[in-house]
There are 2 protein chains.
Amino acid sequence: MQPGDQKNRFTNITFINHGNLRKNGLMPLYAQLADLIRSDITKGKLKKGDLLPTEKELGQLYGVSRITVRGALGVLAYDGLIFRKKGRGTIVKQDKLTRQVPGLLGIHEEIRAAGGTPRTKLVSFAILSSPPVKAQKICGMERGEKVIKLERVVYSDNEILGLSVALIPLCIWGRIGIDPEHIKNKSLYHLLAKGGFQPFEAEETIEVIRADKENATRLDVPRGFPVFYLTRTVYTKEGIFVECGLNLYRADKYQFKMHHWRVMDPQQK
Amino acid sequence: MQPGDQKNRFTNITFINHGNLRKNGLMPLYAQLADLIRSDITKGKLKKGDLLPTEKELGQLYGVSRITVRGALGVLAYDGLIFRKKGRGTIVKQDKLTRQVPGLLGIHEEIRAAGGTPRTKLVSFAILSSPPVKAQKICGMERGEKVIKLERVVYSDNEILGLSVALIPLCIWGRIGIDPEHIKNKSLYHLLAKGGFQPFEAEETIEVIRADKENATRLDVPRGFPVFYLTRTVYTKEGIFVECGLNLYRADKYQFKMHHWRVMDPQQK
DNA sequence: GGTTATTTGTACGAACAATTT
DNA sequence: GAAATTGTTCGTACAAATAAC
């Protein structure tokens with residue numbers, strides 16, 4: 001199907017799961033409406049290329065204003081399920097993509113998402129009077145700033161996946177107040193979130209290097225074996241720096257999937 | 001600075017580049033306002049942690065409604081320059097991150113962005129009666145669908161960077177109507193965009209493999225040398241599949257930078 | 001600690017502009 | 001050229017969260 005093609009617009013009420021919006025205070029109306037339409041799409045009532053009812057019609061169907069409808073459509077457009085064309089209407093997208101924010105998962109969550117069972121072993125725990133030079137370069141940490149250094153080995157289903165070093169400013173660590181003992185098998189990001197520093201943004205670089213003797217031993221691979229070298233700088237919603245992660249993952253046991261997209265249309269759409 | 005901290009709110013008019021909004025039809029008011037505030041942030045008039053004037057005040061300052069102000073703030077929040085807190089206000093973020101959509105750059109653009117000079121050499125051009133099995137798996141192309149296969153060597157500043165195979169459905173290729181001769185040194189994505197199929201979304205996987213004899217020769221590396229194996233499936237805004245890319249890049253000459261983030265707040269924010 | 005004021009979040013109605021059919 | 005549809009913008013009102021007293 002090409003851009004110019006289109007299908008009939010669904011004005012038929014029965015196509016829509018109608019009349020279920022409640023002003024219960026739990027969820028905004030626009031979010032409820034978005035979920036209803038989303039389920040119509042994912043369940044196949046609305047198929048790729050279909051034109052949705054117009055914003056006016058949707059408002060009438062569900063007894064809400066056009067603003068609310070636009071809020072709902074904005075969610076779906078943001079999630080990549082629909083797109084809109086001025087003068088034409090709102091159209092269900094082709095469905096090839098796995099529409100999912102790249103996410104900001106910790107390694108625990110990543111492994112679980114891939115169907116594995118994560119396990120981490122704490123190798124070392126220390127308070128440094130100054131961050132390593134590497135970390136200063138990567139995430140602009142100040143010299144002389146006290147940091148926690150957490151070194152862990154990561155296993156997936158009892159196979160070594162990689163090594164992980166996390167540097168966390170002492171002032172952050174102090175506020176979340178965790179006993180090093182409790183880190184074992186716990187998601188670091190989960191702990192940070194519970195302490196009021198929920199990870200929200202991250203900058204990451206991915207390189208490949210070859211294992212030196214020390215790393216090769218620890219990763220149980222021959223010397224020179226390719227490993228991903230992954231650095232990650234993590235921030236809260238407020239832009240507060242919370243972690244600098246230096247990670248080595250075996251290249252034979254790890255791969256990346258990404259979803260890039262350009263969203264413009266920041267306003268309700 | 002911690003989440004609870006804050007600075008004074010700027011109600012001082014002189015801090016804002018005021019009175020420049022025009023209903024000229026070229027740009028919506030909210031976008032103009034967003035640009036004004038953005039420049040105040042990037043130029044340092046508004047610093048990290050600062051509270052912006054309230055939505056009401058901004059509206060009065062610029063003579064626009066609160067809806068328009070919210071549109072502008074929505075843009076900036078989306079771009080990661082500010083965040084908002086109910087009951088408190090709108091706050092300028094810390095400025096560590098390079099706020100940039102991950103982007104959907106072709107290899108030409110990537111090289112240029114890194115300060116290099118891209119060059120591509122066309123190795124082969126063919127019309128296949130069916131996509132390779134690999135491509136069928138990666139991007140769900142149908143057996144029997146005619147595709148164009150474009151094989152190119154990519155150089156950055158006259159050094160070999162990698163090999164690139166692009167598979168494009170014949171029906172798309174036919175519509176953009178390009179002479180294979182003209183692909184040389186051109187950005188494929190640029191050509192696609194000119195033909196009405198602007199790349200908008202992509203799904204990508206990154207793995208590391210070791211070069212076999214053939215690839216090693218072509219990439220000018222020893223056998224077994226680690227190379228990035230990068231597959232990419234590209235779609236338009238409408239969700240129309242336009243390209244399946246299979247790429248091999250030398251791991252010593254390539255690295256990835258990513259910016260992940262969680263944006264919720266789909267409505268104007 | 002509770003109350004009040006402030007500020008953003010959600011939602012309504014209405015009108016016109018820009019684009020496509 | 002006319003009709004239909006989304007895009008932008010106004011005014012207004014109340015809810016929910018935060019901050020100040």
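The figures that follow rest on heavy atoms only: side chains count, while hydrogens, waters and symmetry mates do not. Proteins come first, then strands; the chains are lettered A, B, ... in the order of their sequence lines, and each starts at number 1.
- Residues that satisfy the side-chain contact (heavy atoms from CB on, under 4.5 Å) test with A:I168, not counting sequence neighbours, are A:I148, A:L150, A:I172, A:W173, A:L188, A:E243.
- Atom P of nucleotide C:dT21 and atom CD1 of A:I91 are separated by 9 Å, given to the nearest angstrom.
- Partners of A:F83 according to the ring pair (Phe, Tyr, Trp, His ring centres under 6.0 Å) rule, which considers only residues two or more places apart in sequence or in another chain, do not exist here.
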Please write out the pairs of protein N or O atoms and N or O atoms of nucleotides 13-16 of chain C separated by less than 3.5 Å, giving the distance to one decimal.
| from | atom 1 | to | atom 2 | distance (Å) |
| --- | --- | --- | --- | --- |
| C:dA15 | N6 | A:R66 | NH1 | 3.4 |

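- Distances shown here put a side-chain N or O of A:T90 below 4.0 Å from the OP1 or OP2 atom of D:dT6.
- Rounded to whole angstrom, the span from the NZ atom of B:K86 across to the P atom of D:dA15 amounts to 12 Å.
- Atom CG in A:L51 sits roughly 12 Å away from atom C1' in D:dT6 (whole-Å rounding).
- The NZ atom of B:K85 sits 12 Å away from the P atom of D:dA17 (whole-angstrom rounding).
- For the pair B:R70 CZ and C:dT8 P, the interatomic distance rounds to 8 Å; values are reported in whole Å.
- Side chain of B:Q136 to backbone of B:P131: a donor-acceptor contact under 3.5 angstrom is found.
- Residues passing the salt bridge (charged side-chain N to carboxylate O under 4.0 Å, His left out) test with A:E204 are A:R232, sequence neighbours excluded.
- The CD-P distance, from B:Q32 to D:dG7, rounds to 19 Å in whole Å.
- For the pair A:R88 CZ and D:dA4 P, the computed distance is 18 Å after rounding to whole Å.
- Qualifying side-chain contact (heavy atoms from CB on, under 4.5 Å) partners for B:L191, counting only residues two or more places apart in sequence or in other chains: B:I178, B:K186.
- Along DNA chain C, the nucleotide nearest A:G63 and the nucleotide nearest B:K56 are compared for position; the residue whose nucleotide lies closer to the 5' end is B:K56.
- With C:dA11, D:dT6, D:dT8 as the candidates, the nucleotide lying closest to the side chain of A:P28 is C:dA11.
- Along DNA chain C, the nucleotide nearest to A:A31 and the one nearest to B:E55 differ in position, and the one closer to the 5' end is contacted by B:E55.
- Counting heavy atoms from C-beta outward, B:Y189 and B:H108 have side chains that stay 4.5 Å or more apart.
- For A:A193, the side-chain contact (heavy atoms from CB on, under 4.5 Å) criterion is met by A:Q198, A:P199, not counting sequence neighbours.
- Counting to the nearest Å, the P atom of D:dA15 and the OH atom of A:Y30 are 18 Å from each other.
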